[in-house]
Protein chains: 2
Amino acid sequence: MKRPATHGVTLADVARMAGVSEITASRVMRDRGPIRAETRDKVLRAVAATGYVRNGLAGSLASARSNLVGVILPSHTNNVFPEVMAGIGQALSRSGYQPVVGVTDYDPATEEALVRSLLAWKPAAMILTGLEHTRETRRMLETASIRVAEIMDIDNRPIDLAIGFSHLEAGRASARHLLARGYRRIGYVGHDLDADLRAAARLKGLVDQLGEAGAPLERRHLTGGASSVQRGRSGLGALLAQHPDCDVVVFSNDDMAVGGVFHAMAEGMDVPGRLGLFGCNGLDIGQALPKPLSTLRANRQRIGEIAVERIVMDDGPETGPAIIDVGFEIVAGATA
Amino acid sequence: MKRPATHGVTLADVARMAGVSEITASRVMRDRGPIRAETRDKVLRAVAATGYVRNGLAGSLASARSNLVGVILPSHTNNVFPEVMAGIGQALSRSGYQPVVGVTDYDPATEEALVRSLLAWKPAAMILTGLEHTRETRRMLETASIRVAEIMDIDNRPIDLAIGFSHLEAGRASARHLLARGYRRIGYVGHDLDADLRAAARLKGLVDQLGEAGAPLERRHLTGGASSVQRGRSGLGALLAQHPDCDVVVFSNDDMAVGGVFHAMAEGMDVPGRLGLFGCNGLDIGQALPKPLSTLRANRQRIGEIAVERIVMDDGPETGPAIIDVGFEIVAGATA
DNA sequence: GGAAGAAATGTCAGCGCTGTCATCTCGGAG
DNA sequence: CTCCGAGATGACAGCGCTGACATTTCTTCC
């Protein structure tokens with residue numbers, strides 16, 4: 001197997017230069033086992049002199065473990081995921097792990113393909129979003145014998161560990177809050193819920209609770225596509241055109257809700273006097289509005305952090321599938 | 001070297017089951033070389049039966065190439081970077097590559113450590129932000145003999161390929177725009193510019209151009225920390241408390257500017273009548289405001305896409321350091 | 001001074017895959 | 001019939017590192 005001897009400085013080169021065996025150099029690099037200070041110095045000098053960069057592929061292959069962690073998120077555009085990613089990224093870097101990232105665009109088949117190719121890197125752990133996966137995805141994750149965290153949702157049985165909150169319950173809580181405030185003619189503006197199962201679960205909770213309270217949710221407008229400020233703005237316009245009698249509108253997401261607030265502002269509508277607006281997800285932006293958005297918030301960054309802490313830093317005994325409910329809170333705000 | 005024979009199905013197992021040699025199975029997996037349809041089927045059946053998952057570590061080690069791409073960004077919280085990441089992620093997944101991500105928090109030493117550990121994975125290419133790196137970072141990237149894209153900035157000489165726009169020029173263009181609109185008592189609200197060199201460059205361009213026009217930028221308020229809507233809101237308050245005579249305020253970033261808009265709204269200030277507001281970066285949110293934000297926009301998602309297209313998909317001849325200026329545009333908006 | 005154990009280092013065989021260079025098969029041209 | 005070349009497939013040696021298990025130094029203490 002000939003290949004042009006590239007600049008590739010190997011551990012062997014370093015060891016030779018330092019006058020030690022390869023394994024000793026390896027131990028110095030990894031801070032493993034007892035090494036005489038003098039020996040360590042020799043090796044480190046050789047490393048500096050050669051500009052050696054360790055080959056993680058070879059190392060991980062030999063030791064059958066890597067410091068890579070697979071992270072699969074549904075979307076780049078939905079603002080909640082950068083936040084989750086921030087939590088994950090920070091916690092990982094603290095512990096010397098590195099994320100390999102994939103995005104599914106809410107498609108289970110894409111997710112399956114991603115899981116397959118991420119598993120190829122023998123990651124130390126895997127973080128994915130939600131609890132719904134294809135049968136094959138579950139199979140692969142179960143046989144991989146690595147820790148798996150499923151984040152955001154806890155309304156089902158996880159493969160290993162679920163971290164998040166109940167979206168169904170979140171929907172119900174929103175409903176109770178609005179009912180308590182006296183709203184009865186409730187409207188809903190949502191994005192594409194076929195894909196976003198968690199937003200759909202929140203809606204279901206909302207619908208159920210409102211139905212039980214005798215104020216069924218009949219005024220709805222669904223826009224296609226991903227959630228965005230723009231769609232929230234136009235969506236509220238469309239909803240009100242059809243159902244001008246709404247006294248409050250719930251949005252599938254905070255960015256949608258912010259759009260709603262902007263629509264109301266542009267129309268000079270009195271919020272919450274004439275119309276209440278209620279979001280979901282507690283994005284920063286909503287809280288910086290002139291009137292802070294009434295919404296439902298979960299600490300997403302924390303979800304990412306906990307996921308990492310539990311599956312990569314925790315060496316504790318495996319205890320079977322576990323669920324961590326980080327809960328959520330109603331942010332009263334000033335718009336509903 | 002004994003290790004419990006885990007569930008690890010290897011290519012050898014697949015090959016044995018299919019009754020072919022390992023290398024043939026390998027070729028089937030990689031779609032390489034001529035394979036009889038019948039043989040391919042046998043192998044694929046064996047793969048399905050065993051649930052084989054390829055080991056990318058071994059494969060990449062043997063072939064000295066991986067489909068990993070290192071991506072280093074300064075921040076998770078600054079909204080600009082999720083957008084860039086979206087562009088990168090989409091373009092990469094289209095071409096079967098996977099990003100390994102690191103975040104520097106605007107610290108060159110952290111960046112150096114990240115480059116070192118990302119290079120360990122023998123990535124096919126590396127994408128980093130900005131043109132300022134430590135000497136050692138540059139050395140490593142130069143010797144790695146892989147393609148390197150430095151994104152966002154083009155105001156300096158790149159290692160291999162730079163994609164972005166001139167922030168200095170962007171600052172000057174903002175100044176010219178505001179001067180043309182008749183503004184003279186110009187204020188500035190910014191975040192931590194020691195870390196964010198590009199925001200600092202925009203400010204420098206702004207200051208230079210205003211100085212040349214005889215309307216020096218003396219009214220400034222810098223908040224510490226990263227840019228955010230909240231800081232923009234409080235920052236504008238602080239600036240106006242000290243310099244109530246501003247007729248327009250430039251923000252270091254769009255999220256800061258949106259905060260400024262909210263402050264003005266909450267105070268019932270007439271925008272742009274009493275006070276103009278000008279952002280930078282053209283985030284979606286700014287355009288969804290009741291009055292679209294006047295700002296300066298570059299297509300960040302496109303920057304990510306171009307970076308990927310040029311360094312991982314393009315096999316063309318190396319042509320030495322190159323610069324791609326994606327430019328920017330002044331978005332007139334309705335706030336300045 | 002020597003035994004005993006701790007400290008430091010080394011030997012060796014792979015990890016699971018792929019590049020290189022054969023080898024083998026088979027149909028058609030001469 | 002033989003020869004040739006394209007089409008298929010295989011043997012083999014590593015990629016660069018690390019785990020397991022020696023082996024070789026010190027120390028220490030009686």
Side-chain angles (χ1 to χ4, degrees), chain A residues 1-43 46-47 50-68 117 119-122 144, chain B residues 1-43 46-47 50-68 117 119-122 144:
Chain A
M1 193 178 187
K2 269 167 293 181
R3 215 175 289 120
T6 53
H7 320 279
V9 181
T10 72
L11 235 202
D13 300 328
V14 171
R16 198 172 314 120
M17 181 173 222
V20 300
S21 72
E22 222 174 313
I23 188 73
T24 299
S26 168
R27 290 202 262 253
V28 170
M29 295 307 293
R30 290 176 298 150
D31 238 347
R32 212 55 73 82
I35 303 280
R36 202 160 16 128
E38 192 189 333
T39 308
R40 175 189 311 280
D41 285 354
K42 275 192 305 192
V43 173
V47 167
T50 54
Y52 170 71
V53 174
R54 110 175 242 280
N55 185 330
L57 299 169
S60 299
L61 177 59
S63 64
R65 100 180 99 239
S66 84
N67 70 338
L68 256 20
S117 49
L119 282 179
W121 301 110
K122 302 293 160 193
Chain B
M1 192 176 186
K2 270 166 291 178
R3 216 175 289 120
T6 52
H7 321 279
V9 181
T10 72
L11 233 204
D13 299 328
V14 171
R16 199 172 314 121
M17 182 174 221
V20 300
S21 71
E22 226 176 308
I23 187 70
T24 299
S26 169
R27 289 191 183 114
V28 171
M29 294 307 293
R30 291 177 297 152
D31 239 347
R32 212 57 71 83
I35 302 281
R36 205 168 5 135
E38 192 188 335
T39 309
R40 174 189 311 281
D41 283 356
K42 275 192 304 190
V43 173
V47 167
T50 54
Y52 169 71
V53 175
R54 112 175 240 280
N55 185 331
L57 299 170
S60 300
L61 176 60
S63 64
R65 100 181 98 243
S66 84
N67 70 338
L68 257 19
S117 49
L119 282 179
W121 300 110
K122 302 290 159 197

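Each chain gets a letter, A, B and so on, in the order its sequence line appears, and its residues count up from 1.
The two atoms that bring A:Glu22 and A:Leu11 nearest to each other are O-CD1, 3.8 Å, heavy atoms only. The two residues B:Ala120 and A:Val53 have their closest heavy-atom pair at N-CG1, 4.2 Å. Across every non-hydrogen atom of B:Gly8 and B:Asp13, the tightest pair is O-OD2, 3.8 Å. Listed here is the closest heavy atom pair of A:Asn55 and B:Lys122: ND2-CE, 3.6 Å.
Checking D:dC17, C:dA8, C:dG16 against every side-chain atom of B:Ala62, the shortest atom distance belongs to C:dG16. Closest to the side chain of A:Thr10, out of D:dC17, C:dT9, C:dC17, is D:dC17. Here D:dT18 is the nucleotide among D:dT18, D:dC17, C:dC17 with the atom lying nearest to any side-chain atom of A:Ser63.
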Would you please test B:Asp31 and B:Arg40 for side-chain contact (heavy atoms from CB on, under 4.5 Å) and show each step?
CA-CA 9 Å; B:Asp31 239 347; B:Arg40 174 189 311 281; 3.3 Å; yes

Under the side-chain contact (heavy atoms from CB on, under 4.5 Å) rule, what do A:Val47 and A:Met29 come out as? Steps first, then yes or no, please.
CA-CA 9 Å; A:Val47 167; A:Met29 295 307 293; 3.7 Å; yes

Walk me through whether B:Ser66 and A:Trp121 qualify under side-chain contact (heavy atoms from CB on, under 4.5 Å).
CA-CA 10 Å; B:Ser66 84; A:Trp121 301 110; 3.9 Å; yes

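In this structure, B:Glu38 places its CD atom 12 Å from P of C:dC26, rounding to the nearest Å. For B:Leu61 and C:dC17, the CG to P distance is 12 Å, given to the nearest whole Å. Taking atom CZ on A:Arg40 and atom C1' on C:dT9, their separation rounds to 14 Å, with Å as the unit. Taking atom CH2 of A:Trp121 as the reference point, atom P of C:dG16 lies 16 Å away to the nearest angstrom. Rounded to whole Å, atom C1' of D:dG16 lies 6 Å from atom CG of A:Asn55. Separating the NZ atom of A:Lys122 from the C1' atom of C:dC15 is a distance of 11 Å, rounded to the nearest angstrom. If you measure from atom CZ of A:Arg32 to atom P of C:dG10, you get 18 Å, rounded to the nearest angstrom. At whole-Å resolution of the value, CZ in B:Arg36 and C1' in D:dG7 are 10 Å apart.
A heavy atom closer than 4.0 Å to some atom of DNA chain C occurs in A:Val20, A:Ser21, A:Ile23, A:Thr24, A:Arg27, these being the qualifying members of residues 16-30 of chain A.
Taken to the nearest 0.5 Å, the CZ atom of A:Arg54 stands 8.5 Å off from the OG atom of A:Ser26. For the atom pair A:Leu57 CG and B:Arg65 CZ, the distance stands at 12.5 Å (nearest 0.5 Å).
OP1 or OP2 of C:dG19 lies within a sub-4.0 Å distance of a side-chain N or O belonging to B:Arg65. Between B:Thr39 and the phosphate of D:dT9, there is a side-chain N or O to OP1/OP2 separation shorter than 4.0 Å.
If one axis is set at each end of the helix from C:dG1-D:dC30 to C:dG30-D:dC1 from five pairs, those axes are 40° apart, to 10°.
Contact annotation for A:Ser60: no contact, since no heavy-atom pair falls under 4.0 Å across all strands. Across all strands, A:Leu57 comes closer than 4.0 Å to no nucleic acid atom at all (heavy-atom distances).
When each of B:Val43, B:Val20, B:Val28 is paired with B:Val14, the side chain to side chain contact (heavy atoms under 4.5 Å, CB included) condition holds for B:Val43 and for no other.
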